[in-house]
Amino acid sequence: GFKLINQGTSTTSKVMQSYIKKRGFDTQQLSKLGVGYCAKGDYMGYLILPFYSQGRLTYFNARLVIGNGPRYNNPPKSVTGLGKEFLIYNVDALELYNQIYICEGVFNALTMGERAIATMGKSISRYQVNLLIKCPAKRFILLLDPDAKKQSIDLALKLVNFKSVKVVI
């Protein structure tokens, strides 16, 4: 039941497209990134936000837009082999750019553009920190949510011996 966000003329597609536009995004641009929605099945009513690594789909977030259910209905670790502690949205940016914006969620990273990654929450795993330290990027700008001031500072302290770090509160 998956369709790209710029496809369809049904009520479901119009609601999904309207949701994206209200958040300030362009449906054509997001479609190029593989963002879509499901009109049937387990993810019906969910916006699908894909994660890629080296051009391969590795995971996705499913964000509820229509109907009832959990706000996020992400695939379980038993299906993907990956838990959120092993995920970074737009992980390939770490290899491509010298300056990286670190955000909590996918929508924040999408807002910041192709140089932004999302850590899937304010608690950064040891695995994620190691990826950040080992990557060729030289500078990180931490843009975690306002309720994550302590986590931003903790992450900055873990990275500062290896990278240039700026914390935005």
Kindly compute the distance separating CG (L30) from CG (L49), expressed to the nearest 0.5 Å.
-> 8.0 Å

Would R23 and Y19 satisfy side-chain hydrogen bond (donor to acceptor under 3.5 Å, both in side chains), going step by step from the backbone distance to the final call?
-> CA-CA 6 Å; R23 295 207 61 161; Y19 176 81; 2.8 Å; yes

State plainly whether one hydrophobic cluster holds both L87 and L143, where clusters connect Ile, Leu, Val, Met, Phe, Trp and Tyr through side-chain heavy atoms under 4.5 angstrom apart.
-> no

Could you walk me through whether V106 and N90 pass side-chain contact (heavy atoms from CB on, under 4.5 Å), step by step?
-> CA-CA 9 Å; V106 174; N90 196 24; over 6 Å; no

Would you check if L110 and Y89 make a side-chain contact, meaning some heavy-atom pair closer than 4.5 Å?
-> yes

Under 3.5 Å, sequence neighbours excluded: what are the donor-acceptor pairs made by side chains of residues 70-81?
unit_1, atom_1, unit_2, atom_2, d
N73, ND2, D42, O, 3.4
N74, OD1, N61, ND2, 3.1
N74, OD1, A62, N, 2.9
K77, NZ, E85, OE2, 3.2
T80, OG1, L82, N, 3.1
T80, OG1, L82, O, 3.0

Under 3.5 Å side-chain donor-acceptor pair for S31 and N6 = yes

Separation between SG (C135) and CG (L96), nearest 0.5 Å, reads 10.5 Å

side-chain contact (heavy atoms from CB on, under 4.5 Å) partners of D26, counting only residues at least two apart | Q28, Q29

For L57 and P50, work out which heavy atoms get closest and say how close.
-> CD1-CB, 3.6 Å

Could you walk me through whether L94 and I100 pass the side-chain contact (heavy atoms from CB on, under 4.5 Å) check?
-> CA-CA 7 Å; L94 296 173; I100 301 292; 4.1 Å; yes

Is I102 reachable from I141 through a run of hydrophobic residues whose side-chain heavy atoms are each under 4.5 Å from the next?
-> no

Apply side-chain contact (heavy atoms from CB on, under 4.5 Å) to the pair R139 and K166, showing each step before the final yes or no.
-> CA-CA 8 Å; R139 182 166 192 217; K166 179 177 183 178; 3.5 Å; yes

Are the side chain of N108 and the backbone of C103 linked by a donor-acceptor contact shorter than 3.5 Å?
-> no

Heavy-atom donor-acceptor pair, K149 side chain to L144 backbone, under 3.5 Å | no

Residues, nucleotides or ligands: over 12 heavy atoms within 6.0 Å of F140 CZ | yes

Answer yes or no for R63 and Y46: cation-pi contact, defined as NZ/CZ to six-membered ring centre under 6.0 Å and angle to ring axis within 45°.
-> no

Evaluate the criterion side-chain contact (heavy atoms from CB on, under 4.5 Å) for residue pair Y97 and K138; output intermediate values, then yes/no.
-> CA-CA 8 Å; Y97 302 105; K138 294 177 175 33; over 6 Å; no

Evaluate the side-chain proximity of M16 to I66: yes if any heavy-atom separation is below 4.5 Å, no if none is.
-> yes

Between Y37 and Q17, a side-chain donor and acceptor under 3.5 Å = no

ILVMFWY cluster, Y101 and I88 together (side-chain gap under 4.5 Å) = no

For the hydrophobic clusters of this structure (ILVMFWY residues joined by side-chain heavy atoms under 4.5 Å, transitively), does one cluster hold both L64 and Y59?
-> no

What one should report as the nearest heavy-atom pair of A156 and V167 is CB-CG2, 3.5 Å

So if you build clusters from Ile, Leu, Val, Met, Phe, Trp, Tyr with side-chain heavy-atom gaps below 4.5 Å, do L142 and I153 land together?
-> no

Shortest non-hydrogen separation from I5 to T27 and the atoms involved = CG2-O, 3.3 Å

Sub-3.5 Å donor-acceptor pair from the side chain of S18 to the main-chain atoms of K14, do we have one?
-> no

Between D154 and K158, is there a side-chain N and carboxylate O pair less than 4.0 Å apart?
-> no

Between E114 and A93, which heavy-atom pair has the shortest distance, and what is it?
-> O-CB, 3.5 Å

Flag if over 12 foreign heavy atoms under 6.0 Å of NZ, K3 = no

For I48 against C38, the heavy-atom pair lying closest together | CG1-SG, 3.9 Å

Should K122 and D145 count as an ion pair when the cut-off is N to O under 4.0 Å?
-> no

Identify the two heavy atoms, one from Q128 and one from T119, that lie closest to each other, and give their separation to 0.1 Å.
-> NE2-O, 3.0 Å

Going by heavy atoms in the side chains, are I169 and P146 under 4.5 Å from each other?
-> no

Could you walk me through whether F25 and F107 pass the ring-ring contact (aromatic ring centres under 6.0 Å, His included) check?
-> CA-CA 9 Å; F25 297 106; F107 280 116; 5.8 Å; yes

